[in-house]
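Keep in mind the model is a prediction, meaning the values are calculated, not measured. Atoms within each ligand, like the ligands themselves, are counted from 1 in listed order.
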Amino acid sequence: MTKIIQPGSTIGVLGSGQLGRMFTIAARRLGYRVNVFSPDDDTPTGQVADIEIQKPYEDLDAVAEFAKGVDVVTFEFENVPTETINRIDKFVLVHPAGEVLYTTQQRLREKNFLRGIGIPVTPFQPIHSLDELRNLAKNNLPAVLKTASWGYDGKGQTKIEDMSEVESAWIALNTNHAVLEKFINFKSELSVVAARSQAGEIVQYDPFINTHRDHILDLSVTSEDLPKQIVKDASQITHAILEKLEVTGVLCVEFFLTHDETLLVNELAPRPHNSGHLTIDAYATCQFEQQVRAVCGLPLGNTTRLKHAAMVNLLGDIWDGGQPNWQNALTFNNAKLHLYGKKEPRMGRKMGHLTVLSNSPQSASELAFSARKSLFHKKQ
Ligand code: AMP
């Protein structure tokens, strides 16, 4: 049954990073109020929300108070404890539902779910001890060892090239719930961002082509010349996942495209995704507005691309040598600067992004790289 949360109502958000910030901006544009709950203070989301609650997710009394003060709850951070969602569920609807979060917040559960519904994933093995890792590594290198839970942006994963690296990789991971994945020498990485409404309507953006640096997304570009069959397969897989998981909200499916033109699902994110940030400037409706519409029971928006675009992330290293040269980047025509209001520019920390619109993915990427380069004080 569709429950419409009308504009003017209050949406609760769990997690307070940049995804929550961009969600809140989209929600406010549609006339909603937003309360955010996270353990942190003066956060990217809190700075633009109506109310910022700074409490641990484990403080279930505070969680209950938060839930009583809002009309619906969503999240921007999927590693929220299950008990927190269960407590909120007693008072108000959570979208996507707790089961979606449960499946996607742990790599093994996610991969088993995907395999179970017949979707191709990167070959993997669960690992619980160094001995198990040694045994499996013998015939499976190169491979990537990942923590089963709580990994993001390349944290909690190590590539293992040969047996001499096995022990240090295991120690560095510091867990006994891990996954050993075959290293895929992929041709490219792509993602499909999609949304499903309370009524089960599904919309998708066309695939974005992604490039990572040090396991962190560096560049996302609109696609132009992907083989039609690949686009069709990616779309069908995404559609099936949204339906089988019964997602109400936004979901991103990250794929590896292999050299023999096969798609493997690498990972799911049950929320707007970094690779979809270019939808803010280059598409009729952005991924954050889709999340607002989906969780509030409204019709989903048009996903037409208005222009080709490229998005580059701005990490803390740009601050090396002082405040970046913002004026330089802003002189680029059709460059859109997004900053997240984070105070401490640490290495590898996502501080903002730049989206450049152009007539082709190629020229958009070149301009985006040049615009980013112009921000640095030190020669790159
Ligand atoms: P993940 O956190 O699993 O999405 O990994 C981040 C990035 O690391 C991916 O987008 C890839 O660029 C790289 N990566 C992760 N797993 C593999 C793999 N099995 N084979 C090759 N590259 C990988």
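Annotation: the span from I230 atom CD1 to E261 atom CD amounts to 5.0 Å, rounded to 0.5 Å.
Stacking of K159 on the aromatic ring of F183 is recorded, both the 6.0 Å distance cut-off and the 45° axial limit being met. Under the 6.0 Å distance and 45° angle rule, R109 counts as a cation-pi partner of Y102.
Counting heavy atoms under 4.0 Å from ligand 1, residue K159 does not touch it at all. Under 4.0 angstrom from ligand 1, there are no non-hydrogen atoms of L217. Of the heavy atoms in E181, only side-chain atoms (C-beta onward) come closer than 4.0 Å to ligand 1. At a heavy-atom cutoff of 4.0 Å, ligand 1 is contacted by the backbone of K182 but not by its side chain.
Residues L93 and V295 are members of separate hydrophobic clusters, defined by side-chain heavy-atom contacts under 4.5 angstrom among Ile, Leu, Val, Met, Phe, Trp and Tyr.
Close contacts of ligand 1 with R107, meaning ligand atoms under 4.0 Å from a residue heavy atom, involve 2 (O), 3 (O). Proximity to Q157 (heavy-atom distance under 4.0 Å) selects the following atoms of ligand 1: 1 (P), 2 (O), 3 (O), 5 (O), 6 (C), 8 (O), 15 (C). Residue contact check: F183 has heavy atoms under 4.0 Å from atoms 20 (N), 21 (C), 22 (N) of ligand 1. Close contacts between ligand 1 and V144 involve ligand atoms 17 (C), 18 (C), 19 (N) [criterion: under 4.0 Å to a heavy atom].
Looking at L268 and L114, their side chains come closer than 4.5 Å, going by heavy atoms from C-beta outward.
Considering backbone and side-chain atoms alike, I184 places an N or O below 3.5 Å from some N or O of ligand 1. The shortest N or O to N or O distance between T122 and ligand 1 is not below 3.5 Å.
With R213, H215, E189 as candidates, the residue nearest to atom 11 (C) of ligand 1 on a non-hydrogen basis is E189.
For K146, the heavy-atom gap to ligand 1 drops under 4.0 angstrom.
Side chain to side chain, Q287 and H273 fail the donor-acceptor criterion of an N or O pair below 3.5 Å.
In this structure, F37 and F66 have tilted ring planes: the angle between them lies in the 30° to 60° band. The aromatic rings of H277 and H353 are tilted relative to each other, their planes meeting at an angle between 30° and 60°.
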